[in-house]
Amino acid sequence: MQLSSNKSCAVRSREAGKVLLHHHSSSALLSVRNQLQQQQQHNNQHSSRVACRTSLADVGPSFSNGGNSNNPLELLRVTRDVQARARLMAEVMTDGRMSHYSEAYQPCPVEDFLSKELGVWSYNVMLFAVANPVLQAFDLESQVRPAVRSLKAANIDVTDIWFLITKHLEVLRDPIALQRWLDFLSLQELDSRHMANFLLKAPDALFTSCTQAQALQVLGWLKALGVKQEYLFPRVLCPCPAILLQDIPSQLQPIVTHLTSLGLEPQHVMRMTCVHPELLLISVESQLQPLVRYLEGLGCSTCQVARLLQEVPQALGGRPPQALFGARVEALRELGVDGQELRQVTARSTLWLTMKGAPQEQIAHLQQDMGFTAEQARELVLACPAILSEKPLELQRKVDFLRATLNMELGDCLAHPTYLGASLMQNIGPRHAFAVSKGLEAKLQSHGGTCSSSVVRNKGGAWGWNLTQLVAGEDVDFADSLGASVNEYEGFRTAFEEEYSAKLSVDAAREFQEELKKLGIYEGA
């Protein structure tokens with residue numbers, strides 16, 4: 001195997017080359033084997049050679065460059081038939097002869113050009129050629145050379161050019177169209193990095209079917225929507241160049257019209273586009289409308305649907321609604337929540353539809369870690385749907401606070417379910433601490449039968465904290481109930497939140513250290 005004279009591999013001994021070949025061959029050819037398996041799955045069961053431009057029947061130019069036709073690696077780079085490639089792969093991987101075949105491998109002119117022009121190690125070019133026999137269909141002088149040099153003339157780094165070729169080989173197909181788009185992108189004042197990103201995602205149709213006049217119309221439409229120039233390519237068109245292929249009256253405008261009919265403002269749609277530009281590729285009839293109907297069927301109001309889509313525009317993707325939310329809905333149904341109750345839960349909170357892990361993790365924590373029965377967990381969820389959007393760790397912290405600080409029992413949550421859905425940092429903790437600091441605990445006490453604990457050991461009396469008063473209402477109402485100033489309480493709460501956040505950071509660091517110690521990789525004191 002001969003090495004190219006690139007910067008990183010300018011001087012290598014033959015023995016070092018062999019070591020590297022042995023090191024890379026198995027892992028690199030694994031991707032080739034995976035590709036063959038994928039091709040096998042899509043094979044139409046024909047046992048004959050696949051008709052293609054570079055079948056074994058017409059490989060002439062490939063073997064006219066000094067290559068040895070008996071070398072299975074050289075045969076792999078021109079063979080597309082799945083069964084034939086499998087046989088060749090078996091020969092390469094048998095008896096550790098990969099090193100021998102790679103040393104005897106003779107690159108074709110296209111491979112040799114890419115290696116020298118881009119400074120890529122010839123071994124890597126060989127692996128790419130072997131895995132992608134379509135490379136042999138490209139002509140060096142009329143396609144590859146002018147395309148690569150156009151990319152270099154646009155000041156795109158050679159490393160980015162090689163990466164672009166390995167991920168989007170078709171960019172070399174039409175050098176004239178490529179140059180046209182490079183000129184277009186240059187006029188839009190894109191730097192070389194964004195040019196490479198645009199070309200990486202650009203569909204083939206952009207080079208064959210999209211005129212620059214059409215592209216300019218889409219650019220104008222996006223600007224009219226409110227997308228700023230500095231976001232136009234980096235956030236919208238580089239991640240999703242296919243938007244330029246969309247027809248404005250029949251494809252783009254109906255999406256905006258339907259979203260605004262839900263109550264969203266054009267600026268909301270603009271922000272959604274910058275976060276998830278693929279939403280401009282969806283179909284109103286087959287994707288957007290079914291999603292809206294599905295969410296409304298779960299109990300979402302039109303306003304909630306709009307808010308959900310605004311917060312999670314990724315929901316406007318290619319997956320059907322059932323695939324997006326079906327598992328979450330099923331988790332509640334398995335808990336015993338019927339259709340009517342499900343709509344009531346959704347009407348009060350939609351966070352469980354979008355939060356990672358919800359509601360399965362929360363339901364599991366209520367039952368397995370906190371010890372509630374399925375019926376008790378169901379009652380808690382129906383009474384306080386916000387529980388479904390609380391992280392299990394936060395639920396546990398509230399239970400620990402209930403037992404250690406409030407000196408109450410877990411069963412008290414059943415009488416005051418909103419406790420588990422409230423914020424420990426913003427409501428429960430500062431309100432409790434404020435009352436204690438002012439000596440006003442008596443005003444937050446719940447005497448006698450209102451406390452579900454059989455024994456409450458706090459100051460020796462049979463009383464407990466009024467959990468509802470600790471979590472419900474606005475801060476001004478809470479301060480009034482204690483006869484205190486709301487400004488004084490808000491200042492106290494701010495200080496509490498800062499102290500609580502600092503404690504969480506320390507606790508998180510300590511927990512991380514403990515995990516490292518368990519793994520035996522912590523070297524601190």
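Keep in mind the model is a prediction, meaning the values are calculated, not measured. Quick note: numbers below take in every heavy atom, side chains included, and nothing from hydrogens, waters or symmetry partners.
Without hydrogens or angle criteria, D139 side chain to E141 main chain gives a donor-acceptor distance under 3.5 Å. Side-chain atoms of T346 do not come within 3.5 Å of backbone N or O of R343 as any donor-acceptor pair. Formation of a donor-acceptor pair under 3.5 Å by the T260 side chain with backbone atoms of T257 is found in this model. The main-chain N or O of M355 is found under 3.5 Å from a side-chain atom of R328 such that the two form a donor-acceptor pair. At least one donor-acceptor pair closer than 3.5 Å links the side chain of N71 to the backbone N or O of Y101. The backbone N or O of D247 sits less than 3.5 Å from a side-chain atom of Q251, completing a donor-acceptor pair. Formation of a donor-acceptor pair under 3.5 Å by the T166 side chain with backbone atoms of F163 is found in this model. Panel note: side chain S301, backbone Q304; a donor-acceptor pair is recorded below 3.5 Å. Side chain of Q287 to backbone of L316: no donor-acceptor contact under 3.5 angstrom is found.
L114 has its side chain out of reach of V120: every pair of non-hydrogen atoms, C-beta onward, lies at least 4.5 Å apart. Counting heavy atoms from C-beta on, the side chains of M195 and L182 come closer than 4.5 Å.
Using a cut-off of 4.0 Å between Lys/Arg side-chain N and Asp/Glu carboxylate O, E394 and R397 are scored as salt-bridged. Salt-bridge check for E117 with R145: failed, with every basic side-chain N at 4.0 Å or more from each acidic carboxylate O. The pair R173-E170 meets the salt-bridge criterion, with a side-chain N (NZ, NE, NH1 or NH2) lying under 4.0 Å from an Asp/Glu carboxylate O.
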Taking only distance into account, with no hydrogens and no angle test, what donor-acceptor pairs under 3.5 Å do side-chain atoms of residues 217-228 form with protein atoms, sequence neighbours excluded?
unit_1	atom_1	unit_2	atom_2	d
W221	NE1	Q253	OE1	2.8
K223	NZ	Q229	OE1	3.1

Can you list, pair by pair, the side-chain donor-acceptor contacts under 3.5 Å of residues 265-282, counting residues two or more places apart and other chains?
unit_1	atom_1	unit_2	atom_2	d
H268	ND1	E265	N	3.0
T273	OG1	V269	O	2.8
H276	ND1	E278	OE1	3.3

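Applying the side chain to side chain contact (heavy atoms under 4.5 Å, CB included) criterion to T211, with sequence neighbours excluded, gives A213, Q214.
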